[in-house]
2 protein chains.
Amino acid sequence: MTSKAGIEQVLKEASMRVTQPRVAVLAAVTANPHADTETIISAVHEEHPHVSHQAVYDSLKLFTSLGVVRQIQPQGHIARYETRVGDNHHHVVCRSCGHLADVDCSVGAAPCLHASDDHGFQIDEAEVIYWGKCPDCQALNS
Amino acid sequence: MTSKAGIEQVLKEASMRVTQPRVAVLAAVTANPHADTETIISAVHEEHPHVSHQAVYDSLKLFTSLGVVRQIQPQGHIARYETRVGDNHHHVVCRSCGHLADVDCSVGAAPCLHASDDHGFQIDEAEVIYWGKCPDCQALNS
DNA sequence: CTACTTATTTTGAATGAGTCAAGATAAGAA
DNA sequence: TTCTTATCTTGACTCATTCAAAATAAGTAG
């Protein structure tokens, strides 16, 4: 569902006004999984050079709060975004280059969701980040 | 091992020069688990008002790189530090107030370490962050 | 114990992702 | 077509963190 119509549909269903900047931002996130804000801004500018960075930040924040996109922000890296939401998948991050990839959880649908002692917290999500070295960086060092 | 002698011992064993700022920073992190940098700076200043924030940042970075302290930085929050390292425990974070607590992993010694598809990454750590609402914030909303 | 080398620290400026605020614009309703 | 107000543009600003150069002090050699 990467068509413009499909994207407008998503916005409407989430009760958002369908504006050019929002359509462009959501299209950019869809077309560039795991892109950071600057990349998204650049992508948006290709077709809509006039869209402000602030509109992009606002849109991303709104999308995130409505669950339309997911924000990922590993330690020491800036925020990245993806449209794959609601399936509780996780990520691997390369310690060397920051490269990021999706990982389905191995243990059923809600992995690791049970903390041994939750300290009275109402837990609603378990976020898992795997740290390691990507194939490219492994090759460089050997 | 929160004594000054114990802390100096830790520094020496990690081949670090034993300097006043470093001793003060490590003592502060030990005494204030999960503290952010500003809190650590304040704590250090109580006994050593002259220590610069830069020295604190440098020390924390060095300690982290040597595995003497661990840095935690949940989405939307600034960095926090703790001296409990090497036991691969995880954290719960309150979505409302940012309160943070330790969680031992429920599934043995290296939980979730096996990604279903590692994309060729050499994975060395699985970081888990549980998100939810702390007891205090639950009480406020009910 | 004293001098020396250089890792650390201090000082003060700079960076940069992200936010704030006010006026201008345009999406959707009437 | 007009109107209301959510959204966008513009441009300044925040603040955790980093950079750089000169000053200091930890550990070493004499």
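Fair warning: this is a prediction, and the values are worked out from it, not measured in the lab. Naming convention: chains lettered A, B, ... in sequence-line order (proteins, then strands); numbering from 1 in each chain.
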Relative to the 5' end of DNA chain D, which residue comes earlier, A:Q20 or B:M16, by the nucleotide with the nearest heavy atom? A:Q20
Taking 4.0 Å as the cut-off, does a side-chain nitrogen or oxygen of A:T37 come that near to OP1 or OP2 on C:dA17? no
Atom pair distance, as rounded to whole Å: CD1 in A:I41 and P in D:dC8: 14 Å
Please determine if a side-chain N or O atom of A:T19 lies less than 4.0 Å away from the OP1 or OP2 oxygen of D:dA6. no
Determine the contact category for B:S52: base if any of its heavy atoms lies under 4.0 Å from a base atom, sugar-phosphate if only primed atoms, P, OP1 or OP2 are that close, otherwise nothing. base
As a test of reading the structure: which of D:dT9, D:dA16, C:dT11 is closest to the side chain of B:Q54, going by heavy atoms? C:dT11
Quick one: are A:Q71 and A:F63 in side-chain contact, heavy atoms under 4.5 Å? no
Closest to the A:R17 side chain, choosing from C:dT9, C:dG28, D:dT9: C:dG28
By the 4.0 Å heavy-atom rule, please label A:K12 as base, sugar-phosphate, or nothing. nothing
Looking at C:dT8, I'd like to know if its phosphate oxygens (OP1 or OP2) sit under 4.0 Å from a side-chain N or O belonging to B:R22. yes
Return the value, rounded to whole Å, for the distance between atom OH of A:Y57 and atom P of C:dA17. 7 Å
Once you round it to whole Å, what is the distance between P of D:dC8 and NE2 of A:H48? 12 Å
Whole-Å distance separating the CD1 atom of A:I40 from the C1' atom of C:dG18: 14 Å
Could you tell me how far apart B:H53 (NE2) and D:dT18 (C1') are, to the nearest whole angstrom? 9 Å
Spacing between B:D36 atom CG and D:dC15 atom P, to the nearest angstrom: 14 Å
Please figure out whether A:L62 or B:Q73 has its closest DNA chain D nucleotide nearer the 5' end. A:L62
Side-chain donor-acceptor pair present, B:H89, B:D104, cut-off under 3.5 Å: no
Less than 3.5 Å apart, any donor N or O on the side chain of B:H48 or B:Q20 sitting next to an acceptor on the other? yes
Any donor-acceptor N or O pair under 3.5 Å, side chains A:H91, A:D102: yes
With no hydrogens and no angle check, do the side chains of A:H77 and A:D36 hold a donor and an acceptor under 3.5 Å apart? no
Could you check how far NZ of B:K61 sits from P of D:dT17, rounded to whole Å? 11 Å
Separation of atom CD in A:E38 from atom P in C:dA17, rounded to whole Å: 6 Å
Name the nucleic acid region contacted by A:H50, choosing base, sugar-phosphate or nothing; use a 4.0 angstrom heavy-atom cut-off, strictly under. sugar-phosphate
